[in-house]
Amino acid sequence: MKHSKIDFKDVQGLVRYGYGRLPESCFLLLEIISPRAARDWLKTLDVADAEELSTPPDFALQVAFTHSGLRKIGLSSEIADQFSQEFKTGIYEESRSKRLGDVGENAPREWQWGGDSDNTPHLMLMLYSVKGGLEARKNATVDGLSSAGLALRGCLTSADFGGVEPFGFKDGISQPTVDWDGKRKLDGRDELEYGNLVALGEFLLGHRNEYGKYTDRPLLDLANDPRGILAEAEDKPGKKDFAFNGTYLVFRQLQQHVGRFWKFLDDQVGGDRSERQRLAELMVGRKMGGEALAVKSSSPIPGIDSDKRDANQFTFSSDPDGTRCPFGAHVRRANPRNADLPDGTRGLLSKLIRTLGFGGKGFRGDLISSVRFHRILRRGVEYGEPLPVNDAIKNGGNEIGERGLHFICLNANISRQFEFIQGAWLSSTKFDGMTEESDPIIGNREAVSECPFTNSFSIPQEAGLRRRISGIPAFITVRGGSYFFLPGIRALRYLSSLETD
Amino acid sequence: MTPQSYFMVIAPVDLSRESSLRELLASMNHREGVVNPNNDVIPFGRFERLHFARLVLLKDQTRGDLGVIGAPQAELPVYLAFLCDFDGPLDSFMSELAGQCEAGLRRLFSHCQGFSNGTHLARWMKQHNQRSATAYVNWIGRTMRQVREEDALRQSLESYIDGNQASLSRLAPTEARRELVSFVKREREAGRVVLTEPDATPLSWRVSNAIHLLGVPIVLLLLTPFLLLYLPIFVIQLRRRERSDAEIAPRPDPDHAANLARLEDHFVSNQFSAMGSLKPGLFRRWTLSFILWVIDYTTRYIFNRGHLARVNTIHFARWVFLDNKQRLLFASNYDGGLDSYMDDFINKVGWGLNLVFSNGIGYPKTNWLILDGAKDEQKFKYFIRRHELPTEVWYDAHPGLTTVNLERNTLIREGLERSSMSEGEARDWLRLF
């Protein structure tokens with residue numbers, strides 16, 4: 001066996017579970033006032049690990065740090081500097097914002113939190129509870145903060161939408177399956193079929209990623225771990241692995257303008273209910289109940305469980321013209337479900353021809369990067385009050401209150417995973433050979449250089465000519481966000497044992 | 001067909017005047033990373049044949065790597081490089097440039113060693129033009145005029161389709177196409193759409209191309225017996241080096257990375273300039289020269305229609321030897337952000353990168369010249385970033401159009417000019433919108 005089996009007791013539970021059974025949740029954004037007191041508090045904190053329990057828990061607590069938080073609690077700069085550049089500079093860094101589409105109304109300076117270093121919390125406590133249990137847990141936690149040397153800077157309360165996101169679509173259907181047992185052969189060879197089983201190292205640091213390599217992370221000399229708390233690095237004997245079984249957590253608070261969304265669609269179709277829903281489904285790329293628009297594949301796809309086959313056993317090779325699921329549909333942009341070489345690669349000669357860039361079908365034959373290097377585990381939760389479609393339209397698109405998604409994703413390499421998907425696929429106005437449009441659901445509609453507009457959406461038709469929707473407003477506004485690190489349990493113990501001021 | 005040409009004027013900078021040169025370069029930009037096309041040093045926007053241009057200081061930050069591997073470090077100059085990619089012959093473009101921007105160019109080159117008031121500008125530029133070992137043009141023969149006309153054509157057609165969506169959607173593909181063809185005919189007659197016939201391919205270009213097209217395989221054929229004899233020795237030499245060559249790919253300095261990031265992602269396309277030293281010795285020098293010679297052949301005759309192997313995001317690129325092949329410069333104009341460009345490279349043409357760049361000092365360890373190397377993703381990305389140079393001034397004549405947009409526009413035009421189409425062909429053509 002190539003791998004030691006994963007020690008779930010060292011992994012925070014969120015990596016393995018979405019905590020769907022704990023539908024009440026809130027996220028406390030905290031500032032460390034007294035590092036010493038905070039470390040003592042951390043020692044006593046009961047952080048849920050990923051071990052399977054015989055009886056499901058009624059509460060789970062997770063903790064994640066920003067880079068400044070790790071420094072503040074006492075992690076030496078020598079160790080903290082070894083984190084990735086994007087984690088260190090933060091989500092609000094200017095060049096990053098351009099790539100992520102965080103410009104105009106979505107610019108970090110407009111955010112409620114996380115938009116600059118002053119407004120970035122040190123750490124985030126994530127509380128998940130069964131129905132009716134959160135309030136008491138939250139109050140108890142908040143009451144204990146000041147003696148823990150912490151100050152509450154924000155509280156993001158989630159809401160239970162029953163597995164449906166605010167626009168009304170079933171959410172969280174497609175997730176990569178984590179290769180916990182190291183079944184994948186990571187020998188650097190091209191994968192000729194799309195697979196959903198993804199290397200553990202894409203989601204947990206200290207393990208091999210899809211390249212068969214170990215993503216860069218903080219490693220320390222044995223002397224820096226005198227109590228022997230941390231695990232040894234798998235790839236670097238003699239070094240301790242601070243990030244082992246930890247991962248990066250991307251948090252974005254996305255306000256969804258539900259009224260604006262349904263009103264716009266209603267106007268487009270002259271008030272026809274089923275047409276309105278059909279158009280929304282084309283933009284999302286799934287039916288409201290979650291069914292795929294593309295045709296189900298006849299053969300199983302590795303890493304897709306049998307109970308998910310109806311919703312997930314498909315690729316877009318059955319829909320090369322985009323007539324079932326438009327090229328620009330949200331789910332097609334977010335996961336184009338391709339392999340390392342263009343479709344239909346068989347045998348040595350065909351492989352050679354395609355490796356040299358020939359044999360693809362049309363100008364779209366080979367435009368999209370292989371997806372297995374760009375997957376994320378999504379752990380988002382809704383917030384605000386649900387707004388039914390009819391109410392949304394009735395008020396002329398105006399809505400009271402704020403609702404949306406606490407978008408949360410986990411990945412080992414923020415720039416190659418989250419940022420790539422967000423920048424090169426979702427926000428890009430040039431995705432898959434298109435132009436003048438970005439993601440129909442989450443795009444920001446900001447003009448880009450020399451492109452007259454970016455607010456259209458093309459729907460390929462059987463007859464040939466596309467149907468195009470124009471003048472689409474922004475349906476999403478970014479309200480806050482930050483890059484966090486979700487440490488393994490041992491790393492939390494290491495942090496709590498530090499002795500600096 | 002009008003083939004594209006290029007030049008790279010390069011001269012050592014008078015280092016005592018480096019800061020004045022940097023100021024002058026900065027004055028050509030609206031802001032960092034965004035050129036003023038009408039700047040008064042070189043008003044690029046005035047030159048209709050010009051696709052891309054850049055001014056970059058070739059200040060090698062990685063020369064110290066020679067010391068790391070224990071090789072002697074000769075002092076090499078810092079150069080100012082001026083690169084242009086344009087339509088038509090070199091001589092006429094350079095004269096036009098020297099004629100129209102004489103004052104600006106003189107100001108610029110006065111920061112270079114050996115350039116004085118009395119220097120004949122055009123002649124000096126020609127003398128300092130450095131040939132590329134390999135040059136890549138995404139679509140040989142697609143002129144800037146064609147780019148502009150075809151994009152205007154597409155936009156005009158798209159809005160016509162938007163305005164007539166209901167009626168057009170009821171038509172069979174060939175009928176819909178006929179509608180669009182007659183719309184364009186009307187627009188052309190009204191002078192709102194212009195589609196100029198391509199110029200005849202220059203005879204001299206065709207002749208020299210034909211000689212090159214046949215000449216290279218003949219030379220290769222003649223060399224084959226010797227190459228085959230040498231092959232086993234080559235393999236031994238290569239493997240020995242691959243086992244022992246040092247990797248130098250630390251994380252790039254954060255300030256350096258931040259400087260580069262500030263210049264990027266202002267448009268849908270980006271520039272990339274990088275340089276590094278070849279591994280010392282004749283083995284790497286000859287290997288790389290041979291490889292680039294072969295690649296140059298393929299870019300002329302095989303990869304001249306939209307893609308370089310599997311990479312379809314590069315507009316123009318070149319590999320240039322410097323300092324008697326001690327160093328190599330790579331410059332490209334590409335679509336998307338650098339991280340996605342590198343991902344594309346690693347996953348699609350890792351083998352090709354290895355062929356070329358593994359001859360450079362510090363490159364991630366390769367096996368058999370094409371395996372591994374770039375597949376060590378993070379090391380490769382660090383290596384690339386570390387060798388990258390800030391491109392002080394960069395001009396793109398079509399900053400909103402990717403290579404795929406250009407191809408799509410060309411396909412629309414070609415389909416429009418076809419005399420007839422089957423229903424299936426017409427449907428495929430209509431899908432281009």
Side-chain angles (χ1 to χ4, degrees), chain A residues 82 85 88-89 93-96 98-99 188 190 209 211-213 215-216 321-322 340-342 354-358 360 362-364 366-367 369-370 373-374 413 415-416 419-420 423-424 428-430 432-436 448-452 456 458 460-468 470, chain B residues 155 158 161-162 165 168-169 171-173 176-177 251-252 254 257-258 261-262 264-268 302-303 306-312 335-337 339-340 343-344 346-349 351 371-372 375-379 398-402 404-405 407-408 411 426-433:
Chain A
Q82 297 178 58
Q85 191 62 20
K88 287 192 286 180
T89 51
E93 190 255 324
E94 205 184 327
S95 78
R96 180 149 287 118
K98 274 186 286 186
R99 283 192 296 280
D190 286 332
N209 62 24
Y211 288 103
K213 304 283 176 189
T215 303
D216 264 0
D321 298 317
D340 293 352
L341 283 163
R354 279 169 172 79
T355 301
L356 291 173
F358 296 98
F363 76 97
R364 263 202 179 95
D366 193 13
L367 295 188
S369 308
S370 41
F373 304 102
H374 313 289
N413 186 333
S415 80
R416 173 160 62 78
E419 288 185 352
F420 186 98
S428 169
T429 57
K430 302 293 181 182
D432 204 8
M434 289 180 290
T435 189
E436 292 152 5
V448 294
S449 63
E450 302 286 311
C451 294
S456 67
S458 305
Q461 304 290 311
E462 278 297 340
L465 266 188
R466 88 287 185 284
R467 171 181 166 205
R468 187 157 82 158
S470 304
Chain B
Q155 290 194 32
E158 296 269 19
I161 295 167
D162 281 340
Q165 221 154 246
L168 286 167
S169 69
L171 302 176
R177 176 173 170 269
R251 274 200 212 196
R262 273 204 306 280
E264 288 166 5
D265 298 316
H266 296 279
F267 308 98
V268 297
I302 301 170
F303 301 122
H307 63 98
L308 176 57
R310 286 184 67 201
V311 171
N312 37 36
D335 298 323
D339 275 310
S340 44
D343 277 317
D344 231 26
I346 296 167
N347 297 324
K348 290 181 165 173
V349 287
W351 56 275
L371 299 179
D372 303 311
K375 294 273 178 182
D376 199 339
E377 173 229 353
Q378 279 193 302
K379 267 193 205 146
H398 48 76
L401 295 170
T402 63
V404 184
N405 290 156
E407 176 171 357
R408 206 171 150 173
L411 291 172
R427 189 181 301 116
D428 285 344
W429 181 75
L430 293 172
R431 288 198 201 290
L432 293 169
F433 294 98

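Lettering of chains follows the sequences in order, A, B, ..., and the numbering in each one begins at 1. Because the structure is predicted, anything quoted here is derived from the model rather than measured.
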Heavy-atom distance under 4.5 Å between the side chains of B:Gln165 and A:Gln461, does that happen here?
-> no
d(A:Glu462 CD, B:Ser169 OG) to nearest 0.5 Å is 13.5 Å
Could you tell me whether a side-chain N or O of B:Arg431 sits under 3.5 Å from a main-chain N or O of A:Asp321, the two making a donor and an acceptor?
-> no
Return the option, out of B:Leu371, B:Asp343, B:Val349, B:Thr402, with the maximum number of heavy-atom pairs under 4.5 Å with chain A.
-> B:Asp343
Between A:Lys98 and B:Asp265, is there a side-chain N and carboxylate O pair less than 4.0 Å apart?
-> no
Non-hydrogen atoms of chain B under 4.5 Å away: do they reach the side chain of A:Thr89, the backbone, both or neither?
-> neither
Proximal component of A:Arg364, with respect to chain B [non-hydrogen, under 4.5 Å] | side chain
Given side chains that start at C-beta, do those of A:Arg99 and B:Ser340 come closer than 4.5 Å, heavy atoms only?
-> no
State whether the side chain of B:Lys348 and the backbone N or O of A:Asp366 hold a donor-acceptor pair below 3.5 Å, judged by distance alone.
-> yes
Any B:Asp339 side-chain heavy atom under 4.5 Å of A:Phe420 side chain | no
Under 3.5 Å, is there a donor-acceptor pair between the side chain of B:Gln378 and the main chain of A:Asp216?
-> yes
Quick one: do A:Leu465 and B:Arg427 satisfy side-chain contact (heavy atoms from CB on, under 4.5 Å)? Show the steps, please.
-> CA-CA 7 Å; A:Leu465 266 188; B:Arg427 189 181 301 116; over 6 Å; no
Verify the distance criterion only: is there a donor paired with an acceptor across the side chains of B:Asp344 and A:Ser369 at less than 3.5 Å?
-> yes
If only atom types and distance count, is the side chain of A:Arg467 paired as donor or acceptor with the main-chain N or O of B:Asp162 below 3.5 Å?
-> no
Test: A:Arg466 and B:Glu158 ion pair at under 4.0 Å | yes
What closest approach, in Å, do A:Lys430 and B:Asn405 show between heavy atoms, and which atom pair accounts for it?
-> NZ-OD1, 2.6 Å
Parallel, tilted or perpendicular: which describes the rings of B:Phe303 and A:Phe358, with under 30° parallel and over 60° perpendicular?
-> parallel
Contacting moiety of A:Thr355, where chain B heavy atoms sit under 4.5 Å | both
